[in-house]
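Handing you a structure now.
Note: hydrogens, waters and symmetry copies are ignored here, and every other heavy atom, side chains too, is used. Numbering starts at 1 and runs along the sequence shown.
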Amino acid sequence: MIRVVSLVPSLTEAVAVTAPGVLVGATDWCTHPAGLDVARIGGTKNPDVPAIVGLRPDLVIANEEENRAPDLAALRAAGPEVLVTEIRDLPQALAELDRVLRACGVPARPRWLDDAEAAWAEVTLDGPYRKAVVPVWRRPWMVLGRDTFAGDLLVRLGVTNVYADHADRYPRIPLDELRAAGADLVVLPDEPYRFTADDGPEAFDGLPAALVDGRHLTWYGPSLARAPEILRRALRAAFR
């Protein structure tokens with residue numbers, strides 16, 4: 001059986017539920033599926049390269065955004081094959097998930113991936129587009145900018161990102177500029193920064209706030225199948 005180390009939480013979940021037993025290592029941030037029993041090899045930005053090599057993986061799976069190029073170069077130099085994904089929108093996510101799973105020895109497309117594609121294909125807009133700012137960090141404030149997977153999902157649900165044309169993918173924007181950006185909604189995921197009802201909405205002076213599950217907004221994996229339903233519920237709740 002192939003031995004795989006995953007440096008991306010989304011991909012860890014995808015591989016673990018589809019090909020049980022092939023994962024031998026994952027990051028400290030790989031929280032799904034619950035109870036995953038593999039070696040922990042550090043974070044996505046600071047993996048323990050010697051520890052990974054010591055696990056003798058045939059394949060290391062990574063992502064060009066979540067993982068650092070020097071770490072991936074060091075792994076390649078040590079011998080393991082490194083598969084690096086690029087995921088900027090939903091179609092790319094579905095294609096890359098299929099590629100990763102096949103590289104991990106999965107012979108056929110899993111049911112959950114078909115379910116995810118079908119769930120998003122059935123999404124229809126039930127109201128006008130909302131203009132939103134989408135913070136992903138606080139102190140300093142950082143928001144979704146251009147060309148992001150989460151931004152693409154939101155557009156499919158009827159939410160346009162005020163900063164979708166920004167030169168940076170995750171720009172730092174002062175709070176006063178965010179407040180004056182002309183948005184009629186703020187979308188606050190609970191990761192990477194853990195926004196809550198008491199930490200985030202108060203900064204936007206009464207602007208409707210949608211508190212969303214970050215896993216369903218930013219992860220590409222089995223969670224995609226239920227993401228339209230869960231995200232849409234959170235968006236609707238902001239306007240009640």
Side-chain angles (χ1 to χ4, degrees), residues 6 8-20 31-33 61 63-66 83-134 136 143-165 169 183-191 208 210-240:
S6 173
V8 184
S10 297
L11 299 179
T12 296
E13 182 181 20
V15 173
V17 303
T18 309
T31 57
H32 289 75
I61 52 177
N63 176 262
E64 50 88 29
E65 177 176 89
E66 294 208 39
L83 187 162
V84 182
T85 58
E86 178 182 308
I87 297 175
R88 305 291 178 90
D89 58 30
L90 179 63
Q92 198 173 29
L94 298 172
E96 288 284 65
L97 284 164
D98 190 58
R99 182 167 76 103
V100 166
L101 294 174
R102 289 187 181 277
C104 292
V106 177
R109 186 178 167 100
R111 174 66 179 272
W112 65 259
L113 192 51
D114 288 335
D115 290 344
E117 186 167 19
W120 282 97
E122 292 171 1
V123 170
T124 57
L125 300 183
D126 56 1
Y129 273 86
R130 304 283 187 178
K131 294 187 297 181
V133 292
V134 191
V136 293
V143 299
L144 292 187
R146 63 171 179 84
D147 200 21
T148 66
F149 172 70
D152 181 66
L153 294 193
L154 288 172
V155 166
R156 294 169 188 275
L157 295 170
V159 177
T160 59
N161 175 11
V162 170
Y163 292 97
D165 295 325
R169 297 186 65 223
D184 52 21
L185 171 69
V186 57
V187 176
L188 297 168
D190 63 8
E191 62 174 79
L211 294 164
V212 303
D213 184 328
R215 177 167 165 260
H216 289 93
L217 180 63
T218 64
W219 286 38
Y220 31 86
S223 57
L224 276 174
R226 293 196 60 212
E229 167 197 353
I230 290 172
L231 293 174
R232 178 170 279 176
R233 187 185 308 143
L235 292 169
R236 287 173 175 163
F239 292 94
R240 288 178 184 163

**OP:** Please tell me if the side chains of Arg156 and Pro228 come closer than 4.5 Å, counting only heavy atoms from C-beta onward.
**Re:** no

**OP:** Return yes if some donor-acceptor pair links the side-chain N/O of Asp89 with the main-chain N/O of Asp152 below 3.5 Å, else return no.
**Re:** no

Original post:
To the nearest 0.5 Å, how far apart are CD in Glu66 and CG in Leu11?
Top reply: 8.0 Å

Original post:
CZ/Arg99 to CG/Leu83 distance, rounded to the nearest 0.5 angstrom?
Top reply: 4.0 Å

Original post:
Less than 4.5 Å apart, any side-chain heavy atom of Leu97 and any of Trp112?
Top reply: yes

Original post:
Would a 4.5 Å heavy-atom cut-off, applied to side chains only, mark Asp98 and Arg102 as touching?
Top reply: yes

Original post:
Is there a donor-acceptor pair under 3.5 Å between the side chain of Trp120 and the backbone N or O of Leu224?
Top reply: yes

Subject >> Within-4.5 Å side-chain heavy-atom neighbours: Leu154 and Leu217 >> reply: yes

Original post:
With a 4.5 Å limit on heavy-atom distance, are the side chains of Asn63 and Thr85 in contact?
Top reply: yes

**OP:** Side-chain contact test, heavy atoms from C-beta onward, threshold under 4.5 Å: evaluate it for Asp190 versus Leu211 and give yes or no.
**Re:** no

Original post:
Would you find a donor on one side and an acceptor on the other, under 3.5 Å apart, between the side chain of Asn161 and the backbone of Leu144?
Top reply: yes

Original post:
Can you find a pair of side-chain heavy atoms, one from Val212 and one from Leu188, that are under 4.5 Å apart?
Top reply: no

**OP:** Would you check if Glu96 and Tyr220 make a side-chain contact, meaning some heavy-atom pair closer than 4.5 Å?
**Re:** no

**OP:** Would you mind telling me which of Val15, Val8, Leu101 makes a side chain to side chain contact (heavy atoms under 4.5 Å, CB included) with Ile61?
**Re:** Val15

**OP:** Give a yes or no on whether the backbone of Glu86 and the side-chain of Gln92 come within a donor-acceptor separation of less than 3.5 Å.
**Re:** yes

Original post:
For the atom pair CG (Asp165) and CG (Asp147), what is the distance rounded to the nearest 0.5 Å?
Top reply: 11.0 Å

Original post:
Counting distance only, does the side-chain N/O of Thr160 pair as donor-acceptor with the main-chain N or O of Arg130 below 3.5 Å?
Top reply: yes

Original post:
Counting heavy atoms not belonging to Arg233, are there more than 12 under 6.0 Å from its CZ?
Top reply: yes

**OP:** Report the C-alpha distance between Val134 and Val143 in whole Å, list the side-chain angles of each, state the deciding distance to 0.1 Å, and finish with yes or no for side-chain contact (heavy atoms from CB on, under 4.5 Å).
**Re:** CA-CA 5 Å; Val134 191; Val143 299; 5.6 Å; no

